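Worksheet: one structure, shown below.
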There are 2 protein chains.
Amino acid sequence: MQTVSEENYIKTIHHLQKGEVLVSTNEIADKMNTKASSVTEMLKRLAGKNLADYIPYKGTKLTQTGVDCANKIIRKHRLWEVFLVEKLNFTWDEVHEIAEQLEHVQSTKLIDELDKHLGFPRIDPHGDPIPDKAGNYQEVTQIQLSKLKKGDRGKITGVIDTSKEFLKYLDKHNVGLGSAVEIMDREEFDQSFIIKTELKALHISQHIANNLYLKTTI
Amino acid sequence: MQTVSEENYIKTIHHLQKGEVLVSTNEIADKMNTKASSVTEMLKRLAGKNLADYIPYKGTKLTQTGVDCANKIIRKHRLWEVFLVEKLNFTWDEVHEIAEQLEHVQSTKLIDELDKHLGFPRIDPHGDPIPDKAGNYQEVTQIQLSKLKKGDRGKITGVIDTSKEFLKYLDKHNVGLGSAVEIMDREEFDQSFIIKTELKALHISQHIANNLYLKTTI
DNA sequence: AATATTTTTTAGTCTTACCTAATACTATAT
DNA sequence: ATATAGTATTAGGTAAGACTAAAAAATATT
Ligand SMILES: [Mn+2]
Ligand SMILES: [Mn+2]
Ligand SMILES: [Mn+2]
Ligand SMILES: [Mn+2]
């Protein structure tokens, strides 16, 4: 059994892990708004519990047990987010903080019954896939808006940044999951885009383009 | 804002408080399966935060702020219990432990929306009243079965002990909230009772009679 | 009133999880 | 090859929340 703090570290390491490259101490510290020395300590603890492999001065990587644990937490987090939006009238920008707390509640039956109650959803309110009971999920084939060229079209399938500010910005411009968009122009000098949404043309910065996932349509 | 541990102490003190009498350190320690020395320390902390009045060697009592806090936690605990039974197919003996965790999730909107989602229930699966948004609730006029005399009748409205073991015992004999019972006989030498339930006659110990609440019918 | 028992507090440790400051290691640039 | 910058670890603290053992206060008993 892991503490809440251990679970939060595991989740962060999992999110930072790309392929086989080790995750660095500073990356974790930055993401968690904590200090590198605190991270070092926790990495030793996680390694001691066989949840992570930790090579001093090199970095860390979750073990299989660690990955399984991360998937369980992510499953809980995302199912609770669906619950909040579908059953309790929350908007997609309000659910993250509460799910951060609910994801640590321990009960397998609770989460499996919740899954059933929600009709076994496969994506959360931000377009992220929900692992099933066994920890499996299909990676959605989506692409960052910033990778597209003039004339490309698609539907928004997810967001990377799930902060209140970003989601409220999207709401303000009537852009959300499922919105159809077309790349009208791309400013090379600042990597910004002009996109056509259902209602209007919208000028979006590189930062925003990086945080939107689309599935392209031909 | 209180820590989870502080909240658990507040809830315990509230449950032990009868009238104006101070709650003793040992009572709290017993109820929480902790040591008296740990309780003393926490009482100082709670007093420092103005959640309890603490008189060394005499005992403690929640302040009004403490009582309000207790009612909020109890409201959350009981609403989650209703949710688990009504929406997620849990039985009344399974919900307590999970509600012990869920009661600490912080979000006023969450709990008010949950209340609405459940149709503003006034009692939880064990017959205990649920405080409303303002912290008010009607005390149910109920009496312990052990206080009744031969010939009295009533309906079960609540249980005091909410342990798995006790609730499963009741289930086994088809006794639950709303069950009609009649006192057939009372053994003075061991304070046990023979009661008539919907299905059969049942011999119950003093301990069980103490843990059942009834509303009598004429 | 004096003694014994029970209750409660204090003193001293431990673990988790954080911090700052100092040190050590790695990578880069001269 | 050495100095330097950047990254990571160690050393030493703090606070919450638990514990055991010892001391003190409140009750109960003779
Ligand atoms: Mn979290
Ligand atoms: Mn999400
Ligand atoms: Mn609790
Ligand atoms: Mn209950």
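Here is the naming used below: chain letters follow the sequence lines, and residue numbers restart at 1 for every chain. Computed from a predicted structure; not experimentally measured.
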Can you measure [X] atom [atom1] to [N] atom [atom2] for me and round it to whole angstrom units?
X      : N      : atom1 : atom2 : result
A:L22  : D:dT7  : CG    : P     : 16 Å
A:N26  : C:dT26 : CG    : C1'   : 13 Å
A:E7   : C:dA17 : CD    : P     : 11 Å
A:H104 : C:dA17 : NE2   : P     : 12 Å
A:N8   : C:dT16 : CG    : C1'   : 14 Å
A:M1   : C:dT16 : CE    : C1'   : 17 Å
B:M42  : C:dT8  : CE    : P     : 18 Å
B:N33  : D:dA18 : CG    : P     : 12 Å

Is there side-chain contact between A:W80 and A:L114, with heavy atoms separated by less than 4.5 Å?
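They are in contact (side-chain heavy atoms under 4.5 Å apart), so the answer is yes.
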Student check: side-chain heavy atoms of A:F193 and A:H203 closer than 4.5 Å
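No, too far: nothing below the 4.5 Å cut-off.
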From C-beta outward on B:T25, which listed nucleotide comes closest to its side chain: C:dT8, C:dT20, D:dC19?
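Of the options given, the side chain of B:T25 lies nearest C:dT8.
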Nucleotide of D:dG17, C:dT20, D:dC19 approaching B:K35 most closely (side-chain heavy atoms)
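That would be D:dC19.
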Is there a side-chain polar atom (N or O) of A:T40 under 4.0 Å from OP1 or OP2 of D:dT9?
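It does, given that an N or O in the side chain of A:T40 lies less than 4.0 Å from OP1 or OP2 of D:dT9.
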Taking only N and O in the side chain of B:S38, is any of them less than 4.0 Å away from OP1 or OP2 of D:dC19?
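Yes, such a contact exists.
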Going by heavy atoms closer than 4.0 Å, what residues in residues 43-60 of chain B are next to DNA chain C?
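Those residues whose heavy atoms fall under 4.0 Å from DNA chain C, taken from residues 43-60 of chain B in numerical order, are B:K44, B:Y54, B:P56, B:Y57.
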Could you go through A:I208 and A:S205, starting from their C-alpha distance and side-chain angles, then the distance that decides it, and tell me whether this counts as side chain to side chain contact (heavy atoms under 4.5 Å, CB included)?
CA-CA 5 Å; A:I208 289 166; A:S205 68; 3.6 Å; yes
Heavy atoms from other residues, nucleotides or ligands near NZ of B:K109 exceed 12 (cutoff 6.0 Å)
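It does: B:K109 NZ has more than 12 such atoms within range.
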Whether B:F83 and B:H117 hold their rings parallel, tilted or perpendicular, with breakpoints at 30° and 60°
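If you compare the ring of B:F83 with that of B:H117, the planes turn out tilted.
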Between A:E100 and A:K11 (salt bridge meaning N to carboxylate O under 4.0 Å), is one present in this structure?
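A salt bridge is present here (some side-chain N lies under 4.0 Å from a carboxylate O).
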Which is true for B:S5 with a 4.0 Å heavy-atom rule: it touches a base, it touches only sugar-phosphate, or it touches nothing?
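Sugar-phosphate contact only - B:S5 comes under 4.0 Å of backbone atoms but never of a base.
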Quick one: label B:S37 by what it contacts on the DNA or RNA (base, sugar-phosphate, nothing), any heavy atom closer than 4.0 Å.
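If one applies the 4.0 Å heavy-atom cut-off, B:S37 turns out to touch a base.
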Over all atoms of both residues, closest heavy-atom pair of A:D190 and A:Q206
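The answer is O-CB, 3.8 Å.
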